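Order of the sequence lines sets the chain letters (A, B, ...), proteins ahead of strands, with each chain counted from 1. Note that the structure is predicted; figures quoted are calculated from it, not measured. Values reported hereafter were calculated over all heavy atoms of this structure, with side chains retained and with hydrogens, waters and symmetry mates removed.
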2 protein chains.
Amino acid sequence: MARTAGSHSDVTGPRVRAAALRLFAKSGYAAVSMRSIAAEVGVQVGALYNYTPDKQSLLFDLMRSHLEDLLERAGPGEGEAAERLAGFVSFHIRYHHDRQDAVFIAYMELRNLSEENFQVIEGLRRRYEDLLEEILAAGVAEGRFDIADTRIATRAVIAMLTGVSTWFRESGRLTLEDVETQYRKMVLNAVRV
Amino acid sequence: MARTAGSHSDVTGPRVRAAALRLFAKSGYAAVSMRSIAAEVGVQVGALYNYTPDKQSLLFDLMRSHLEDLLERAGPGEGEAAERLAGFVSFHIRYHHDRQDAVFIAYMELRNLSEENFQVIEGLRRRYEDLLEEILAAGVAEGRFDIADTRIATRAVIAMLTGVSTWFRESGRLTLEDVETQYRKMVLNAVRV
DNA sequence: GTCTATACGATGATAGAC
DNA sequence: GTCTATCATCGTATAGAC
């Protein structure tokens, strides 16, 4: 099972993706060159093109796999709407905290997607919003939530939650659990009758 | 008072800024070239450098003047904290709706500022956050708001409000006033005892 | 103040040797 | 699969004529 010297298909691929993720998050897609990605991986530019047809595909694949993973892990939750909503808040904050780079890219680099790729990503994001909207609608049906327009409330909640990753630092004054607790309370109060 | 032919200092300057604003908002700072700004204005590249020492200063000046204008217009409000908070919500949504390009840049292009310029912009942004935090603290002092940490609540509210400009469209299902009304209610509920 | 011309390095992507 | 070399293009910024 000897492998040709210098052949590292199975290990270099993930490393290319990881390097691109890190660099795109740090400096922005447009500001990152294929050369800088290669340098981060420790190969020459040409080698990158064994793993991606071009830079655009690299961005698109990172966004898509992030959103697909997000959708896979975000279950509908169980119990009454209030419990499910509290669960969603905690899930969103924790998941986004654990993958700051991917989250940042998925929200900031939309305009660098080609029109076709943008549509795919928007569809996935929309499906994630639908998960939350369904919870809010269930709460309204239960008579426990008072929401004029569930679509607006959905977006308001997601914007609020996603904002956490722009300022939260592990080294700060508060633990992530403190933050979760306060956000759960604010979100529940915002929609409850 | 005849002016030298081809001399348009007073009109070209603002046009350069306006073009940069529009293009930075549309495509992102890193993706916009000085050539494309010049083309938008209708001059050659070299002419731009009569109005800005470099591209970085163009970005910085746009951000700074936006935030200074924002601070100037956002007054402390009058009356009880609940009224002042409702006023802040409406002000923020309307102001940000009227200047979508500037808002977008001020939130998205922070990482493209030099370290020195970043500090200045962060200071201005922080002063704006302080305006809201003061209102929340007043509400707590009145015994009308129940907030575990006013700094967190401040950031949560601002993230929620700023999110409006990412999805609101004049042509949509709802008027801006509908949106304002619902956000006022959600925000007040989120912090009220 | 604006133009043309240009310096000079960086860019994404490819070809062909190993 | 990776390397080196190369292409054609574009990037910011400047110099000097008008």
Between B:Q119 and the options B:E122, B:E115, B:E116, the side-chain hydrogen bond (donor to acceptor under 3.5 Å, both in side chains) test singles out B:E115
Interatomic distance, [X] [atom1] vs [N] [atom2] [rounded to whole Å]:
X     : N      : atom1 : atom2 : answer
B:N50 : C:dC3  : CG    : P     : 10 Å
A:D10 : D:dG1  : CG    : C1'   : 11 Å
B:Q44 : D:dG16 : CD    : P     : 19 Å
A:R15 : D:dG1  : CZ    : P     : 15 Å

Hits for side chain to side chain contact (heavy atoms under 4.5 Å, CB included) against B:A159, two or more places apart or cross-chain, chain-then-number order -> none
Using nucleotides 11-14 of chain C, report all nitrogen or oxygen pairs with the protein that are shorter than 3.5 Å.
unit_1: C:dG12; atom_1: OP1; unit_2: A:V32; atom_2: O; d: 3.4
unit_1: C:dG12; atom_1: OP1; unit_2: A:K55; atom_2: NZ; d: 3.1
unit_1: C:dG12; atom_1: OP2; unit_2: A:M34; atom_2: N; d: 2.8
unit_1: C:dG12; atom_1: N7; unit_2: A:R35; atom_2: NH1; d: 3.0
unit_1: C:dG12; atom_1: O6; unit_2: A:R35; atom_2: NH2; d: 3.4
unit_1: C:dA13; atom_1: OP2; unit_2: A:Y49; atom_2: OH; d: 3.1
unit_1: C:dA13; atom_1: OP2; unit_2: A:K55; atom_2: N; d: 3.2

**Report entry** Check ion pair A:R127-A:D130 (N to O, under 4.0 angstrom)
**Finding:**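 A salt bridge is absent here (no side-chain N lies under 4.0 Å from a carboxylate O).
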Minimal heavy-atom distance between A:N112 and A:Q56, with the atoms involved, is O-NE2, 2.9 Å
Give me the atom names and distance for the closest heavy-atom approach of A:L131 to A:L71.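 In this case the closest contact between A:L131 and A:L71 is CD1-CD2, 4.1 Å.
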**Asked** Nearest of C:dT2, D:dT2, D:dT4 to any side-chain atom of A:T12?
**Response**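 Selected nucleotide (nearest to the side chain): D:dT2.
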Parallel, tilted or perpendicular: which fits the ring planes of A:Y128 and A:F91, with parallel below 30° and perpendicular above 60°? tilted
